[in-house]
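Notes follow once the structure below has been shown.
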Amino acid sequence: MSTTRRTRTHSLPTLAVHAGEPAHDVDAPVVTPLQQSVSFVHEVGTADGLRYPRYGNTPNADVVQKKLAALERAESGVVLSSGMGATACALMALLRPGDHLLASRDIYGGTARLLTEEFTSLGINVTLVDPFEARGWRKRMRKETRAVFLESPVNPTCRVIDLRPLSYLTQESGLALVVDSTFASPINFRPLEHGADVVIHSTTKFLNGHHDVMGGVVLGTASYVEEVRQKMILWGQAPDPFACWLLERGLKTLDVRIRRQNENAMRIAQWCTERREVRAVHYPGLPGHPDHEVAAEQMDGFGGMMALELAGGGRAADRFVRKLRLIRHAPSLGGVDSLVSEPRFTSHTHLSTEERASRGLPDGFLRLSVGIEDAADLIADIEHALH
Ligand SMILES: *Cc1c(COP(=O)(O)O)cnc(C)c1O
């Protein structure tokens with residue numbers, strides 16, 4: 001990978017297709033070849049250039065890492081075997097026993113368990129903060145606080161967190177601001193441009209976009225990413241070359257997929273606001289959404305994730321999901337197929353009905369991951385299921 005194509009000045013759709021790929025010589029394949037090997041012939045007499053999949057430096061990992069760094073406008077990036085692996089290694093590279101982490105209360109369930117069960121048992125103190133409480137972060141800061149972790153947009157409520165005031169706080173206090181941007185993708189939101197220090201994605205979702213490969217990525221400065229890579233190597237969180245190859249292929253279409261998903265979600269959200277069967281529509285693109293102004297300012301698109309609250313509660317939700325013919329009832333999100341899920345049976349099963357309601361997830365709450373199908377067909381499917 002001696003020379004890469006000059007793509008620095010290109011815009012995101014072009015970077016998604018070309019960034020990170022080697023210069024194309026005559027006879028070179030247009031598609032990055034899959035090099036599904038765990039071993040690579042090594043130069044005699046030097047420790048340099050040793051390649052091994054667990055080190056995150058196979059040819060397929062190299063290409064996709066450069067592409068992702070270009071898309072987030074980060075200095076460097078490392079791909080891992082899952083979003084959870086990415087979060088774990090990203091935070092382990094920042095925190096030591098005795099350190100304190102401020103984390104948003106509104107985060108992916110797996111991440112919440114990682115922080116409150118695993119990290120606390122490693123001697124790292126974690127405080128969960130309501131990200132919408134005024135001055136909530138500042139009030140809970142301690143002298144041992146090292147980092148702030150949050151997710152935006154928030155799963156599954158689709159709330160959007162304003163990064164600007166938070167980045168003033170982290171910069172003035174010398175804390176690392178770490179953002180899980182899985183719900184947005186770099187087409188819609190690039191946290192590094194808004195004062196974040198580290199960006200994490202579960203590439204399983206929008207970045208790969210085809211519901212067929214797991215992965216994660218951590219992006220930031222080259223020296224920090226190198227520390228994450230060392231954690232990945234020792235905790236065994238690296239991806240296989242084939243996973244990197246599939247992710248690279250998925251990324252080529254990122255811009256067109258995300259634009260269609262943004263458009264489809266907006267059309268569905270607007271249509272649903274007119275329906276009496278739907279008590280509430282949660283989509284940051286709607287003017288009535290509590291974070292609409294923040295989203296309009298810090299994001300380039302409102303995203304493909306939305307949520308509906310059906311007027312008939314849990315029973316209506318059950319009936320609705322059973323009647324859908326196109327939109328499938330399945331967990332995960334961000335891919336080309338539209339999917340629906342109910343947090344009370346997935347991410348939030350551990351809470352009581354009352355606790356869920358107090359978090360904005362009453363029974364009848366449905367999360368919709370909008371795909372790239374024709375919006376009219378999706379709306380027809382929803383209309384049929386609401387009847
Ligand atoms: C899915 C998800 C994760 C975890 O990613 P995996 O690839 O499943 O390990 C983390 N954060 C968010 C916001 C997610 O949606």
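Counting starts at 1 for both ligands and their atoms, in listed order. Index from 1, following the sequence. Hydrogens, waters and symmetry mates are skipped; everything else that's a heavy atom, side chains included, is used.
- The side-chain tip of Arg159 points at the ring of Phe132 from less than 6.0 angstrom away and within 45° of straight on.
- Residue-to-ligand polar distances place Thr204 within reach of ligand 1: an N/O pair is separated by less than 3.5 Å.
- Ring centroids of Phe365 and His348 are separated by 6.0 Å or more, keeping the two rings apart.
- The closest protein non-hydrogen atom to atom 4 (C) of ligand 1 is Tyr108 CE2, 3.4 Å.
- Donor-acceptor pairing under 3.5 Å is recorded for the side chains of Glu248 and Thr32.
- Looking at ligand 1, you'll find an N or O of Met84 within less than 3.5 Å of one of its N or O atoms.
- For ligand 1 and Gly215, the ligand atoms under 4.0 Å from any heavy atom of the residue are 7 (O).
- Closest of all the heavy-atom pairs between His282 and Ala280 is NE2-CB, 4.0 Å.
- Annotation: Gly83 places an N or O atom under 3.5 Å from an N or O atom of ligand 1; distance criterion only.
- With hydrogens and angles ignored, the 3.5 Å screen pairs no side-chain donor or acceptor of Arg279 with any backbone N or O of Glu309.
- Scanning His201, Lys205, Met305 for the heavy atom closest to atom 1 (C) of ligand 1 points to Lys205.
- Among protein heavy atoms, atom 8 (O) of ligand 1 sits closest to Met214 CE, 3.6 Å.
- Close contacts of ligand 1 with Ser82, meaning ligand atoms under 4.0 Å from a residue heavy atom, involve 7 (O), 9 (O).
- Classified by interplanar angle (parallel below 30°, tilted 30° to 60°, perpendicular above 60°), the ring pair Phe189/His194 is tilted.
- Any N or O atom pair closer than 3.5 Å counts here, and Asp180 shares at least one such pair with ligand 1.
- Residue contacts with ligand 1 for Thr182 involve side-chain atoms from C-beta outward but no N, CA, C or O (heavy atoms, distance under 4.0 Å).
- Not less than 6.0 angstrom separates the ring centroid of Phe206 from the ring centroid of His201.
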